[in-house]
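To start, the structure itself, in structure tokens.
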Amino acid sequence: MGYEETVAYLLDIPKFTKKNTLEDTKSFLHRLGNPGCGKTVIHIAGTNGKGSVCAYLSSVLRKAGYRVGMFTSPHLVSMCERFRINGEMISENDFADCFAQVRERLDEDAASGAYHPSFFEMLFFMAMVYFEARQADVILLETGLGGRLDATNSVSKKELCIITEIGYDHMEYLGGSLAEIAGEKAGILQKDVPLVFWDGKKEASEIIVQQAKMRGCPVAAVSKRDIRNFEIHKKFIDFSFETGYYGYIRCSLTTYAPYQAMNAALVLSALDMLHDILPVDRTAITAGLKEARWEGRMEEILPDVIVDGAHNRDGVLALLDAVRTDNCTGRRFLLFSAVMDKQYEKMAEMLTDCRLFDGIYITELKNTRGVSRRLLERAFGAGGPAGSFADAGQALETILQSRLPGDRVYIAGSLYLAGEIKYYIEKSRII
């Protein structure tokens with residue numbers, strides 16, 4: 001099958017498979033030949049910031065001369081975004097070839113059992129096949145959901161685990177309390193494997209430390225107290241961080257987002273923890289962090305048009321912190337949409353109450369999980385949004401036409417919205 005046929009097959013998987021156990025996933029990975037075995041695997045879980053941590057870590061390690069494979073989710077426009085070597089997306093031809101290799105193994109197994117990977121499991125297997133074929137030195141694995149039962153947790157050996165900020169998301173699967181959610185995320189821990197985690201909420205941190213102690217994991221906790229001399233500039237931020245091995249490091253991040261300092265701090269702590277097996281010099285660290293980019297996270301996609309993947313309560317809090325310090329000289333507008341299984345009503349309340357936006361517009365997503373305009377209008381309460389649209393591209397065009405010099409447009413609420421907007425701009429060639 002070609003790329004388009006492969007994508008169609010993958011998107012159809014939920015129609016003919018059931019949820020598998022982690023043992024099922026481990027068993028099939030073994031039958032594939034354990035691709036990635038022997039590589040340096042770094043496993044990343046958490047509620048917010050996982051993809052950014054992967055992007056920053058990948059940028060630093062490739063600056064240091066390592067060949068870095070990175071598996072992330074979801075994608076914004078192309079499924080190829082999920083597999084990268086040294087920051088470059090897999091080609092469509094290679095994507096289809098990796099699928100064919102996994103499918104061939106499945107066909108050979110068909111007579112002996114009814115196992116079929118889920119959508120995410122299939123992508124994980126394809127990624128590991130790709131990283132093995134492209135001889136990655138380091139593999140960065142971002143969990144898809146939770147950690148304990150996630151397909152990425154089927155790898156037999158890890159060198160480091162990272163847990164980013166813990167917040168309320170996917171409660172229907174992970175539990176209704178921070179402690180329960182943290183317990184699921186901490187399920188990625190392996191015996192004696194070091195852990196770096198964001199120490200932001202006491203209830204979550206206590207569970208993570210408890211789980212790490214049970215497994216004998218060396219632990220490095222990183223918190224806001226460790227981020228010093230923090231400065232916000234127009235399109236970048238500076239901060240300092242002290243490590244045991246590298247000492248005191250002054251870093252610059254090319255981003256509008258203050259929250260990226262916490263993700264970069266986790267990376268610095270991770271590099272400190274790994275200095276024996278992944279030596280990196282200070283120049284690679286500072287250059288790699290400065291040059292790193294991660295799409296859909298306070299990303300300026302057009303002049304003064306910024307898209308952010310904030311899709312839960314903590315994500316919106318981080319977005320609002322960034323907006324408050326953006327040095328905008330004109331009006332601010334927001335385009336918002338969300339999916340049903342997110343706390344869209346709470347996000348709408350926060351975005352209304354902050355009074356940072358001169359106009360809030362809503363749109364429906366081209367996704368079966370998307371919240372309808374009727375429900376979004378109700379969520380924004382009395383007066384409703386400034387505009388309501390069935391199409392994200394049309395919404396963006398309308399906002400841009402009313403914009404004056406100095407005005408700024410933010411787009412947030414869902415990574416699906418980020419993807420639709422980026423796709424529209426790409427196809428419409430808006431400049």
Side-chain angles (χ1 to χ4, degrees), residues 48-49 51-56 58-59 72 74-78 81 84 87 89 230-239 251-264 287-311 315-337 351 354 356-361 363 392-393 395-431:
N48 295 309
S52 296
V53 166
C54 287
Y56 284 130
S58 173
S59 184
T72 59
H75 61 276
L76 299 181
V77 178
S78 167
E81 297 168 27
R84 299 176 191 252
M89 290 189 302
F230 181 80
E231 296 178 5
I232 301 175
H233 305 277
K234 186 174 181 181
K235 293 189 179 184
F236 67 97
I237 59 177
D238 290 331
F239 72 97
C251 300
S252 290
L253 306 177
T254 308
T255 178
Y256 285 93
Y259 63 76
Q260 290 293 25
M262 74 167 70
N263 296 319
L289 289 177
K290 188 172 185 177
E291 293 177 18
R293 303 289 186 276
W294 191 229
E295 293 184 350
R297 281 70 174 180
M298 292 300 289
E299 177 190 7
E300 189 173 31
I301 53 176
L302 294 170
D304 279 317
V305 178
I306 298 169
V307 64
D308 189 71
H311 59 275
V316 169
L317 284 172
L319 167 68
L320 296 181
D321 283 344
V323 173
R324 289 187 184 96
T325 58
D326 66 0
N327 298 313
C328 176
T329 58
R331 298 170 299 171
R332 299 188 187 99
F333 300 106
L334 173 71
L335 177 59
F336 178 87
S337 196
L351 292 166
C354 74
L356 290 170
F357 301 102
D358 296 275
I360 296 178
Y361 298 77
T363 183
L396 177 63
E397 290 279 11
T398 301
I399 297 170
L400 292 180
Q401 288 168 10
S402 66
R403 192 172 55 155
L404 299 173
D407 291 350
R408 182 163 292 175
V409 179
Y410 288 93
I411 300 163
S414 172
L415 285 167
Y416 292 109
L417 177 60
E420 287 188 19
I421 289 293
K422 287 174 73 68
Y423 179 79
Y424 180 81
I425 289 173
E426 180 183 314
K427 294 299 181 184
S428 304
R429 301 185 184 279
I430 298 175
I431 57 173

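Keep in mind that this is a model prediction, so the values were computed, not measured. Numbers here simply count residues along the sequence, with the first being 1.
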Practice item. Considering non-hydrogen atoms only, spot the tightest contact between Gly406 and Thr329 and give its length. Key: CA-OG1, 3.7 Å
Practice item. List the atom of Ser337, the atom of Leu417, and the distance in Å for their closest heavy-atom pair. Key: N-CD2, 3.6 Å
Check your understanding: Any side-chain heavy atom of Tyr256 sitting closer than 4.5 Å to one from Lys235?
Key -> yes
Check your understanding: Which heavy atom in Gly296 sits nearest to a heavy atom in Leu415, and how many Å separate them?
Key -> O-CD2, 4.5 Å
Check your understanding: What distance separates Tyr410 OH from Leu335 CG, expressed to the nearest 0.5 Å?
Key -> 14.0 Å
Point to revise | Pairwise side-chain contact, Asp326 with Ile306, heavy-atom cut-off 4.5 Å (strictly under) | key: no
Practice item. Flag yes if more than 12 heavy atoms outside Lys422 fall under 6.0 Å of its NZ atom; otherwise flag no. Key: yes
Point to revise | Side-chain touch Phe230/Pro258, heavy atoms, less than 4.5 angstrom | key: yes
Check your understanding: Is there a donor-acceptor pair under 3.5 Å between the side chain of Arg332 and the backbone N or O of Val323?
Key -> yes
Review point. So which heavy atom on Asn48 is nearest to which on His311, and how close?
Key: OD1-CE1, 4.5 Å
Study note, to complete from the structure: Per side chain to side chain contact (heavy atoms under 4.5 Å, CB included), Ile399 is matched among Val305, Ile411, Val409 by Val409
Review point. Nearest 0.5 Å, what's the CD1-CG distance between Ile301 and Asp308?
Key: 11.0 Å
**Study point:** From Arg331 atom CZ to Phe357 atom CZ, the distance as rounded to the nearest 0.5 Å
**Key:** 14.0 Å
Practice item. Would you confirm whether Glu81, through its side chain, and Ser78, through its main-chain N or O, come within 3.5 Å as a donor-acceptor pair? Key: yes
Point to revise | Rounded distance (nearest 0.5 Å) linking atom CD1 of Ile237 with atom CG of Leu253 | key: 4.5 Å
Check your understanding: Do the side chain of Thr254 and the main chain of Phe236 share a donor and acceptor less than 3.5 angstrom apart?
Key -> no
Exercise for review: For Leu289 and Ala264, work out which heavy atoms get closest and say how close.
Suggested key: CD2-CB, 4.3 Å
Review point. To the nearest 0.5 Å, how far apart are OH in Tyr56 and SG in Cys251?
Key: 10.5 Å
Exercise for review: Please confirm whether the backbone N or O of Glu291 pairs with a side-chain atom of Arg293, one donor and one acceptor, at under 3.5 Å?
Suggested key: yes
Check your understanding: What is the distance from atom CG of Leu302 to atom CD1 of Ile425, rounded to the nearest 0.5 Å?
Key -> 4.0 Å
Exercise for review: Return the minimal non-hydrogen interatomic distance between Tyr424 and Glu397, and the atom names on each side.
Suggested key: OH-OE2, 2.9 Å
Practice item. Take Phe333 and Asp407 through the side chain to side chain contact (heavy atoms under 4.5 Å, CB included) test and state the conclusion after the steps. Key: CA-CA 8 Å; Phe333 300 106; Asp407 291 350; 3.8 Å; yes
Check your understanding: Would Asp304 and Arg403 pass as an ion pair if we require N to O under 4.0 Å?
Key -> no
